Amino acid sequence: MGGVNNAIRDSVLFTTAESVINWSRSSALWPETFGIACCAIEMISAGCARYDLDRFGVVFRPSPRQSDVMIIAGTITRKFAPVVRRLYDQMPEPRWVIAMGTCAISGGVYNTYAVVQGAETFVPVDVHVPGCPPRPEALMHGFLLLQEKIKKSRALAGTPLDRVAVP
């Protein structure tokens with residue numbers, strides 16, 4: 001036992017605050033429970049016991065004020081797009097968006113005046129999960145891609161600490 005304590009005491013870890021912040025953000029993603037159409041069923045099943053998104057630190061939250069990830073799962077009509085945008089605006093910074101399914105990415109087979117042809121027209125999308133409907137494994141892969149994106153991002157971007165006055 002003494003050898004283990006000495007090994008830990010003699011070890012030195014070097015890291016930056018930015019990497020620790022990014023690691024903690026990527027390890028605790030809280031998407032809001034929000035589904036629009038048939039892709040929502042696959043999103044719900046990804047959160048259940050068989051696929052268990054909890055092991056990745058993904059815990060669904062009931063309110064946009066408690067969430068940092070929005071999963072747009074399904075067809076977005078022009079009448080519903082302002083509601084989705086309002087929910088996005090209510091989320092605290094930093095926030096991320098996953099467009100799940102062909103309808104959320106490009107409007108799908110619904111090329112009509114009433115359907116928005118892609119969620120990127122009114123919210124910034126970070127990860128696209130293709131499929132009609134995409135399997136829960138695809139959503140899990142989308143979360144892993146989002147975690148990698150968060151780990152590589154600048155942790156303090158957009159905060160007052162990041163803004164430096166130029167003389």
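Values below: all heavy atoms of this structure, side chains included; hydrogens, waters and symmetry mates excluded. Small disclaimer: the values here were computed from a predicted structure and weren't measured.
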Q: Following the transitive rule for hydrophobic clusters with a side-chain heavy-atom cut-off under 4.5 Å over Ile, Leu, Val, Met, Phe, Trp and Tyr, establish whether Val58 and Leu144 coincide in one cluster.
A: yes

List the atom pairs, donor and acceptor, that lie under 3.5 Å between side-chain atoms in residues 69-79 and the rest of the protein, sequence neighbours left out.
unit_1 : atom_1 : unit_2 : atom_2 : d
Thr77  : OG1    : Phe80  : N      : 3.3
Arg78  : NE     : Tyr113 : O      : 2.8

**Q.** Test log, rule side chain to side chain contact (heavy atoms under 4.5 Å, CB included), inputs Ile36 and Val84
**A.** CA-CA 10 Å; Ile36 302 172; Val84 176; 4.2 Å; yes

Q.
Please enumerate all residues that pass side chain to side chain contact (heavy atoms under 4.5 Å, CB included) together with Gln90, with sequence neighbours excluded.
A. Pro64, Arg65, Arg86, Leu87

Q: Can you run down the salt bridge (charged side-chain N to carboxylate O under 4.0 Å, His left out) pairs that involve residues 123-132, sequence neighbours left out, and say none if there aren't any?
A: Asp126-Lys149

Q) With ILVMFWY side chains joined below 4.5 Å, transitively, what does Trp30's cluster contain besides itself? A) Val59

Q. What are the two closest non-hydrogen atoms of Phe143 and Pro31, and how far apart are they?
A. CZ-CG, 3.9 Å

Q) If you group Ile, Leu, Val, Met, Phe, Trp and Tyr by side-chain heavy-atom gaps below 4.5 Å, do Leu53 and Ile44 land in one group? A) no

(Q) To the nearest 0.5 Å, what is the distance between CD on Glu137 and OG on Ser45? (A) 8.5 Å

Q: Give me the other members of the hydrophobic cluster that Trp23 sits in, counting Ile, Leu, Val, Met, Phe, Trp and Tyr linked by side-chain heavy atoms under 4.5 Å, directly or via other members.
A: none

Q. Got a sec, which hydrophobics cluster with Tyr110, joining ILVMFWY side chains under 4.5 Å apart, including via others?
A. Val109, Val115

Q.
Going by the rule side chain to side chain contact (heavy atoms under 4.5 Å, CB included), which residues pair with Ser24 if we only count those two or more places apart in sequence or in a different chain?
A. none

**Q.** Glu42 backbone acceptor or donor facing Arg135 side chain under 3.5 Å
**A.** no

Q: Run the numbers on Ile150 and Leu29 for side chain to side chain contact (heavy atoms under 4.5 Å, CB included), then give the verdict.
A: CA-CA 10 Å; Ile150 294 169; Leu29 295 174; 3.6 Å; yes

**Q.** Hydrophobic cluster membership, Leu146 vs Tyr51, 4.5 Å side-chain cutoff
**A.** yes

Q) Of the non-hydrogen atoms in Gly47 and Phe60, which two are nearest, and what is the gap between them? A) CA-CE1, 4.0 Å

Sequence neighbours excluded and cut-off under 3.5 Å, please list the side-chain donor-acceptor pairs for residues 92-103, or say none.
unit_1 : atom_1 : unit_2 : atom_2 : d
Glu93  : OE2    : Arg95  : NE     : 3.3
Glu93  : OE2    : Arg95  : NH2    : 3.2
Arg95  : NE     : Tyr88  : OH     : 3.3
Arg95  : NH1    : Tyr88  : O      : 3.0
Arg95  : NH1    : Met91  : O      : 2.9
Thr102 : OG1    : Gly131 : O      : 3.0

Q. Any idea which heavy atoms bring Ser26 and Lys151 closest together, and the distance?
A. OG-CE, 3.2 Å

Q: Hey, could you give me each pair passing salt bridge (charged side-chain N to carboxylate O under 4.0 Å, His left out) that has a residue in residues 29-41? Not counting sequence neighbours.
A: none

Q: Return each pair, listed once, that meets side chain to side chain donor-acceptor pair (under 3.5 Å) where at least one residue sits in residues 139-148; pairs must be two or more places apart or across chains.
A: none

**Q.** Which atom of Val127 lies closest to which atom of Gly142, heavy atoms considered
**A.** CG1-O, 3.8 Å

Q: Please report the shortest heavy-atom distance between Glu18 and Ser153, naming the atom on each side.
A: OE2-O, 3.9 Å

Q. Quick one: side chain to side chain contact (heavy atoms under 4.5 Å, CB included) partners of Ile41, sequence neighbours excluded?
A. none

(Q) For a 4.5 angstrom cut-off between non-hydrogen side-chain atoms, does Pro134 reach Cys39? (A) yes

Q. According to the salt bridge (charged side-chain N to carboxylate O under 4.0 Å, His left out) rule, which pairs have a member within residues 109-125, sequence neighbours left out?
A. none

